[in-house]
Amino acid sequence: MPRLMKTSTKTPATLAVAASFLLLLATAAGGASTPAPFDYAGAFDKCLQFFEAQRSGKLPADRRVHWRGDSALTDGFSQGVDLVGGYYDSGDHVKFGFPMAYAVTMLAWGVLEFEKEMVAANNHQRALDAIRWGTNYFVKAHTEPNSLWVQVGDGDSDHLCWERAEDMSTPRTAFKINMTHPGSEVAGETAAALAAASKAFRPYDSMYADLLLLHAKQLFTFADTFRGRYDDSLQSTKKFYPSGSGYQDELLWAAAWLHEATGDEEYLQYVSRNAEEFGGIGWSVLEFSWDNKYAGLQVLLSKALLAGGGGEHADTLRQYQAKAEFFLCACLQKNGGHNMKLTPGGLLHTDEWNNMQYVSSATFLLAVYADYLAASRGALRCPDGEVAPGEMVRFARSQADYVLGKNPRGMSYMVGYGSYFPTHVHHRGASIPSVYAMDSRVGCMDGFDRYYNSKGADPNVLHGAVVGGPDAADGFVDDRCNYQQAEPTLAGNAPICGVFARLASEPADASDNSNRPAPSSHSPPSKGSPLEFVHTVSNSWTTNGVEYYRHVVTAKNTCGHPITYLKLHVKGLSGPIYGVSAAKEKDTYELPTWLTSLAAGEQFTIVYIQGGPAARFSVASYKTA
């Protein structure tokens with residue numbers, strides 16, 4: 001169904017706060033902490049299952065959504081191009097390239113920020129698989145440097161039928177942008193998705209990462225050279241995903257992600273040179289979405305600044321950061337008269353139509369920025385008071401908890417999570433019996449008569465789908481016809497997947513230690529030792545009267561040669577340890593299984609949790625290449 005777009009307003013911004021970057025390592029505390037009220041790891045797993053349910057094309061044999069079958073196996077063929085694959089957008093079967101690319105960007109950003117947490121939740125590989133399903137399709141769709149296929153299927157004709165993807169009878173017309181029919185928004189967003197994904201894949205598949213980066217660079221050049229609104233070129237998309245904010249935010253967003261993926265100065269120069277003209281430092285916004293990238297752009301560029309990469313562009317990046325903090329303060333209700341609205345139950349509210357997409361994206365930015373600030377033990381300074389990183393995480397958790405059932409209705413807005421969730425989802429595949437349960441074809445209009453208007457519950461549970469959600473008064477009608485509230489989307493699900501992974505690693509009763517000086521120690525390599533250890537305490541909490549600490553140990557290779565074999569001796573360890581593999585000898589550990597060698601100058605991180613004094617690390621033996 002068509003999406004509504006909220007236009008941003010220009011308002012004054014808060015001043016920036018200097019901080020330094022931290023990818024906050026966090027792992028479950030085992031029996032040392034009070035169990036979390038929600039199973040965030042389970043929610044993360046289900047979130048990824050939703051993307052499996054939305055797959056178009058030839059499905060893999062190891063799929064987990066068994067009620068789905070192969071579909072749309074000839075997409076693009078009639079127009080001489082292979083467009084098989086990708087994702088269906090929502091409850092329909094159109095492949096809209098613009099929101100699909102945004103979803104892949106956000107999945108990749110989540111992997112980059114919360115990789116260790118996803119590994120701990122045993123779902124890092126599935127997250128990469130979800131990204132790859134999208135990026136494989138984008139590579140196919142980018143058939144020439146200055147051409148991109150951006151849509152398959154027509155929204156109007158698709159919405160006239162209610163049928164399974166496996167039975168589709170509607171036209172599968174494909175639409176593209178090129179030099180004479182430009183579309184800078186969708187070309188820029190696809191470039192951003194491919195750049196972000198290239199960085200996510202870099203440690204695991206460098207050749208694939210190089211391929212994605214090549215396409216990302218070409219698409220950015222195409223978007224920037226042949227500027228124009230994509231919904232002016234493609235009238236078929238104007239009703240469904242119109243470009244309300246224009247294409248300038250996507251150009252800046254793509255350049256920022258290319259800088260993140262490559263470190264090349266030219267992309268930082270681009271976002272600095274065009275900061276004012278393109279609205280990057282002029283727009284203070286109250287939403288982050290598939291259409292409006294300004295808040296996400298501003299947070300991402302704040303990361304570049306806080307990581308010390310600003311250089312001559314630092315002053316401009318501080319202006320980006322000020323705008324990022326305007327958005328975050330507005331979410332936290334600390335922004336004077338320019339706050340985002342909250343429902344009586346405490347949910348951020350931006351729009352009556354699919355409001356959860358805005359909750360999902362805002363919660364992601366809050367979690368990410370809190371971790372950035374935590375590195376310097378800094379805080380967010382808002383017009384209405386200072387907010388510590390721990391408080392930002394708690395607010396993000398409140399939004400995630402609302403989604404999972406801590407709300408006035410006691411309903412989980414994630415399908416399949418808990419015992420009370422929407423059972424009449426606006427989704428064709430969920431509402432019609434599977435092709436494996438009923439092999440007879442369901443016709444275009446038969447689906448409306450027999451299933452769309454049925455009061456019966458969905459025969460297929462669309463696990464992990466975050467529906468549009470409640471209205472401004474926390475009201476929700478679980479009705480298949482209620483597409484404003486009961487329809488899930490790729491764009492709504494993607495950001496919150498990473499949030500669930502992040503929260504799964506956070507003890508429920510973790511105290512806010514952001515303003516306490518964290519104990520730290522620096523151990524230069526002793527004579528003959530190949531490693532330099534840096535030891536910090538990143539968090540603490542009290543359980544049953546005992547104070548526990550989350551210790552983070554960074555081990556850097558300082559010997560000048562790649563280390564291919566390593567044994568560490570850890571003395572005084574009394575709690576769980578992560579990031580190393582246990583050896584046969586007592587108190588001895590080896591490199592983790594995913595790390596076969598440690599290059600000169602590189603480092604890896606170990607996390608352990610215990611009460612009392614810190615453990616002591618030393619090198620027992622090692623080999624170099």
Side-chain angles (χ1 to χ4, degrees), residues 51-52 54-60 63 68-89 93-105 107-108 128-154 158 165 168 171-179 181-201 205-223 226 230 233-234 236-237 241 250 254 257-258 261 490 494:
F51 281 88
E52 294 186 35
Q54 295 301 106
R55 286 174 173 175
S56 178
K58 181 70 177 177
L59 303 183
R63 65 184 182 275
R68 277 296 323 281
D70 300 339
S71 62
L73 297 179
T74 59
D75 274 0
F77 285 16
S78 64
Q79 291 163 274
V81 62
D82 178 4
L83 297 176
V84 177
Y87 288 106
Y88 298 125
D89 176 61
H93 298 133
V94 183
K95 295 191 293 198
F96 289 108
F98 192 20
M100 189 197 306
Y102 164 76
V104 171
T105 306
L107 286 172
L128 289 177
D129 290 344
I131 296 167
R132 190 187 289 265
W133 196 269
T135 53
N136 282 350
Y137 173 76
F138 297 144
V139 169
K140 284 183 176 184
H142 185 214
T143 52
E144 300 175 80
N146 295 322
S147 180
L148 179 69
W149 295 88
V150 298
Q151 183 176 322
V152 180
D154 173 70
D158 184 273
M168 266 193 294
R172 300 298 292 170
T173 308
F175 303 86
K176 70 177 179 179
I177 55 172
N178 53 30
M179 293 181 288
H181 296 86
S184 296
E185 298 95 336
V186 63
E189 183 60 65
T190 308
L194 292 168
S198 75
K199 185 172 183 180
F201 280 108
D205 190 341
S206 60
M207 290 183 63
Y208 188 62
D210 288 342
L211 174 67
L212 300 184
L213 193 56
L214 172 65
H215 284 276
K217 289 178 177 180
Q218 289 182 349
L219 281 167
F220 173 67
T221 300
F222 169 42
F226 301 97
Y230 94 116
S233 296
L234 300 177
S236 62
T237 197
Y241 282 101
E250 277 80 26
W257 272 113
L258 280 163
L490 298 176

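From a predicted model like this one, the values you see are computed outputs, not experimental measurements.
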**Student:** Between Tyr87 and Trp133, what is the ring plane arrangement, given parallel below 30°, perpendicular above 60°, and tilted in between?
**Tutor:**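 Because their plane-to-plane angle lies in the 30° to 60° range, the rings of Tyr87 and Trp133 count as tilted.
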
**Student:** Of all the heavy-atom pairs spanning Val186 and Gly97, show the shortest one and how long it is.
**Tutor:**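 Smallest interatomic distance, heavy atoms only, reads CG2-C, 3.9 Å.
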
**Student:** Rounded to the nearest 0.5 Å, what separates atom CD in Gln54 from atom CG in Asp89?
**Tutor:**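 Spacing of CD (Gln54) from CG (Asp89) equals 8.0 Å.
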
**Student:** Any side-chain to backbone donor/acceptor pair from Lys176 onto Ser147? Under 3.5 Å, distance only.
**Tutor:** no

**Student:** How long is the straight-line distance from CZ of Phe51 back to CG of Leu107, given to the nearest 0.5 Å?
**Tutor:** 4.5 Å

**Student:** Measuring from Leu234:CG to His181:NE2, what's the distance to the nearest 0.5 Å?
**Tutor:**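 Answer rounded to 0.5 Å: 8.5 Å.
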
**Student:** Does the Asn146 side chain pair with the main chain of Asn178, one donor and one acceptor, at a distance under 3.5 Å?
**Tutor:**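 Not confirmed, Asn146 side chain does not pair with Asn178 backbone.
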
**Student:** Do Phe98 and Tyr241 have ring centroids that are under 6.0 Å from one another?
**Tutor:** no

**Student:** At their closest point, which heavy atom of Ala192 faces which heavy atom of Ala254, and how far apart are they?
**Tutor:** CB-CA, 4.0 Å

**Student:** Specify the closest pair of heavy atoms between Arg55 and Tyr88, including all atoms of both residues, with the distance to one decimal.
**Tutor:** O-CE1, 3.7 Å

**Student:** If the test is salt bridge (charged side-chain N to carboxylate O under 4.0 Å, His left out), which one of Asp75, Asp154, Asp158 qualifies with Lys95?
**Tutor:**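 Going through Asp75, Asp154, Asp158 one by one, the salt bridge (charged side-chain N to carboxylate O under 4.0 Å, His left out) with Lys95 is satisfied by Asp75 alone.
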
**Student:** Testing the basics here: between Phe138 and Leu148, what is the closest heavy-atom pair and its distance to 0.1 Å?
**Tutor:**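 Looks like O-CD1, 4.4 Å.
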
**Student:** Please find the pair of heavy atoms, one from Arg68 and one from Ser71, that lie closest to each other, and give the distance.
**Tutor:** NH2-OG, 3.2 Å

**Student:** With no hydrogens and no angle check, is any side-chain donor or acceptor of Ser56 less than 3.5 Å from a backbone partner on Gly86?
**Tutor:** no

**Student:** I need the minimum non-hydrogen distance between Arg172 and Gln79, along with the two atoms involved.
**Tutor:** O-OE1, 4.3 Å

